[in-house]
2 protein chains.
Amino acid sequence: MPVTIKDIAKIAGVSHTTVSRALRGHPGIAPETVARIKKIAAELGYIPNTVARGLKTQRSGVVGVIVRRIVDPFFSEVLNGIEDTLQAAGYSFFLSSSNRDPEREKTIVRVMSERRVDGVIVCSSQVSEHHRRQLERFRVPTVLINNQAAEESAHSIYHDDVYGGWAVTHHLIELGHKRIAFLGNARGGRTSEERLRGYKQALSEAGLPIDEACIVSGPNGLAEGGAEGARRLLALPELPTGVVCYNDVMAIGVMRVLAEHGVHVPADCSVTGFDNIELAAYVNPPLTTFDQPKYELGHQAAVMLLRLLDGTADSDKRDIVVLRGELCPRESTAPPPENGRFVTEG
Amino acid sequence: MPVTIKDIAKIAGVSHTTVSRALRGHPGIAPETVARIKKIAAELGYIPNTVARGLKTQRSGVVGVIVRRIVDPFFSEVLNGIEDTLQAAGYSFFLSSSNRDPEREKTIVRVMSERRVDGVIVCSSQVSEHHRRQLERFRVPTVLINNQAAEESAHSIYHDDVYGGWAVTHHLIELGHKRIAFLGNARGGRTSEERLRGYKQALSEAGLPIDEACIVSGPNGLAEGGAEGARRLLALPELPTGVVCYNDVMAIGVMRVLAEHGVHVPADCSVTGFDNIELAAYVNPPLTTFDQPKYELGHQAAVMLLRLLDGTADSDKRDIVVLRGELCPRESTAPPPENGRFVTEG
DNA sequence: GCACATTATGCACACGTGTGCATATAGGGG
DNA sequence: CCCCTATATGCACACGTGTGCATAATGTGC
């Protein structure tokens, strides 16, 4: 029912070819003809059909964004960076969340292929090698953000988690802490491992022992997972004076459980987060964390994909970008308690 | 370059018409032919081109989702409900955020039209009447979630904010509070106004006076906006014993500023939020709030749109759904301090 | 053995746009 | 006045799929 270039052509008394060229700014059309056609198009409220154009040009102008979980303050900000950049370049995007469900992941890749997306950005989701290859078979350029095996992929972008883990741990050490726990995310994969590596590195550098009992994991990266991790720490004979958490949300869960057990943060125990989500500065106490360049991460991923799409970058040439965030000290960390440590009930 | 039904037709020795029918389950094709064609399709790794199909069938199978801000814990959960429902129905969606920028909003509506989305869901974003009408001109069914003027639109779904505002206020009153502040969101529009109405209603019912000095606004719905609002309350000669906040994020901002001024929550002052975001249960103290059916909101909006798309529902018939959440009491509220109130510095 | 119904398949066009090539028109130089 | 070039426009086909109608093949009843 909508207006097509043929409708315009009929009124203007020209062929639809001329209309197409006039509207697309093709050279070789008389200026007055162009003006006339544009006027008619405007009057009719013509809106070009990108779908039809895409069919002919073999480019949809759409990219797919796959994420593990939509409700995630870290990812939201990354997505924000992706969106701004893609929109400025005239691209739209499909958003899909895999929710760690392999079946759903399979569906997503299939649908994206069927809809002929020009490219894909996979964020923090371990899309299996199998599906990655399927996308490659369709020559769909893919950029991975913070994925599980960054090294294997030609185009990926991630943050320096080893450094981040080192930075927060080093911060606690400088404050005088000697017994520092690490609370990982059992489902965090590579990210969690690398933060742990940074943690160990900082301890080693400072000549502090690595106590495996102080390295625990929460079942997931949510507040609830942090709470569970905190309970494990409270079960230790002696509570560490500092806890390095996998992310801010878990840290907030940790602080909750500590508060419930009468442990004061930071007086009795310091807590650090990771990511610097919007709320980190506002929780009680404000969270010392590692500020990740979240928006930038999304922005750069989008830029990288756009380069692949317009041919500026070579699909076969490896391109791995590592961004480094920075420590963001706030009030959830302080020197350890002077007279001994907090004695747990257990 | 990808495999088309013509490629399959050539190999199978039939016309592309037969292939199309065989794959789509059209009746009148010999079962053995269907089997043979499906086998070849599978071997070649054929993936149907939804774009081409959409061109012919005039249905893209894509809907547009417009939101004000991506980084918003409330909206994330709504989006989650939308996504699950749309995906189960075989639809994909474009996500766009307007960021309150009229220019950007204009672009979004244009792009969605150009891409021929089958429908649009507008969430918490006051897409202007002008643009709404443009969508209507294209006969694009539109469902509005929690919009500014729900009454004017034929299809919308929102939550009962008057009741919510009443519920949290009533909760404070029952605890014994007599001087309760309301912290609105200057950019919250209708939503903020209705929560305020519920607040006033609860006070009136209890025979409590409405003190305009206790009704303030933050400049936005973020933690920072809440913080700013809290400073305004602290500037009052006497701090109210309870604060009803526009949403959870603002409430967290409020608690931050109160803590900085030595005001204990809930001992000196009770604070309530709104929405029940994931972190609400984990902040310190855990936030008493009004639990909104966020996922359900998104789910129902998607269902409503799907009904319009498959013709089950009539586009011209008004359909307005109101969901009602429920009070979610936690530890940020308690009876008011016994001996007088907290005296501010100012 | 012939008319007819039934089944299986193909032809040709359509969806809205883009593009290589041919063609029509105009202008200029000799 | 003719040839050549430059300019402006149209024709016809393409992109990948779906569909009404025609047609071929097969079976059925008499």
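Throughout, a chain's letter reflects where its sequence line sits, starting with A, and its residues are numbered from 1.
- Place A:R36 and A:L55 on DNA chain D by their nearest nucleotides, and A:R36 ends up nearer the 5' end.
- Counting non-hydrogen atoms of neighbouring residues, nucleotides and ligands closer than 6.0 angstrom, the CZ atom of B:R307 reaches no more than 12 such neighbours.
- Remark: C1' of C:dG16 and CG of A:N49 are 6 Å apart, rounded to the nearest angstrom.
- A:D118 approaches A:L309 most closely through the heavy-atom pair O-CD2, 3.1 Å.
- Side-chain proximity of A:T57 to the nucleotides D:dA8, C:dG18, C:dG16 is greatest for C:dG18.
- Note: NE2 (B:H26) to C1' (C:dA8) measures 13 Å, nearest angstrom.
- Checking A:I47 against B:P31, the closest nucleotide of DNA chain C that is more toward the 5' end is the one next to B:P31.
- Atom CZ of B:R24 is separated from atom P of D:dG20 by 14 Å (rounded to the nearest Å).
- The separation between B:Q58 atom CD and C:dC15 atom C1' is 6 Å, rounded to whole Å.
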Check nucleotides 4-7 of chain C for protein N or O atoms closer than 3.5 Å to its own N or O atoms and list the pairs.
none

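- Side-chain atoms of A:S76 come within 3.5 Å of backbone N or O of A:D72 as a donor-acceptor pair.
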Using nucleotides 23-25 of chain D, report all nitrogen or oxygen pairs with the protein that are shorter than 3.5 Å.
none

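- The minimum heavy-atom distance between A:I108 and A:S97, with the atom names listed, is CD1-O, 3.6 Å.
- Counting all heavy atoms, side chain and backbone alike, A:Y158 lies closest to A:I320 at CE2-CG2, 3.6 Å.
- When all heavy atoms of A:L23 and A:Y46 are compared, the closest pair comes out as CD1-CE2, 3.6 Å.
- In this structure, the CD atom of A:E114 is 14 Å from the C1' atom of D:dG16, given to the nearest Å.
- Within the structure, every side-chain polar atom (N or O) of B:S20 is placed at least 4.0 Å from both OP1 and OP2 of D:dT17.
- In this model, a donor atom of one side chain and an acceptor atom of the other lie less than 3.5 Å apart for B:R104 and A:Q87.
- The two residues A:L305 and A:V120 come nearest to each other via the heavy atoms CD2-N, 4.0 Å.
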Please list, for nucleotides 10-14 of chain C, all pairs of protein and nucleotide N/O atoms separated by less than 3.5 Å.
from	atom 1	to	atom 2	distance (Å)
C:dG10	OP1	B:S15	N	3.3
C:dG10	OP2	B:S15	N	2.7
C:dG10	OP2	B:S15	OG	3.0
C:dG10	OP2	B:T18	OG1	2.4
C:dG10	O6	B:R21	NH1	3.0
C:dG10	O6	B:R21	NH2	3.2
C:dC11	N4	B:T17	OG1	3.1
C:dA12	N6	B:T17	OG1	3.4
C:dA14	N3	B:K56	NZ	3.0

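- A:D7 CG to A:I40 CD1: the interatomic distance, rounded to the nearest 0.5 Å, is 11.5 Å.
- For the pair B:R69 and B:F74, the cation-pi criterion (under 6.0 Å, within 45° of the ring axis) is not fulfilled.
- Checking the phosphate oxygens (OP1, OP2) of D:dT9, a side-chain nitrogen or oxygen of A:T33 falls inside 4.0 Å.
- Regarding B:K6, its NZ atom lies at a distance of 7 Å from the C1' atom of D:dG16, rounded to whole Å.
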CA sep, side-chain torsions, deciding dist, call: A:R115, B:S92, side chain to side chain donor-acceptor pair (under 3.5 Å)
CA-CA 9 Å; A:R115 297 201 183 278; B:S92 298; 2.7 Å; yes
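- Rounded to a whole Å, the CG atom of B:D7 is 9 Å from the P atom of D:dT17.
- Distance B:L23 CG to D:dT17 C1': 11 Å, rounded to the nearest Å.
- For A:F94 and B:F94, the gap between ring centers is short of 6.0 Å.
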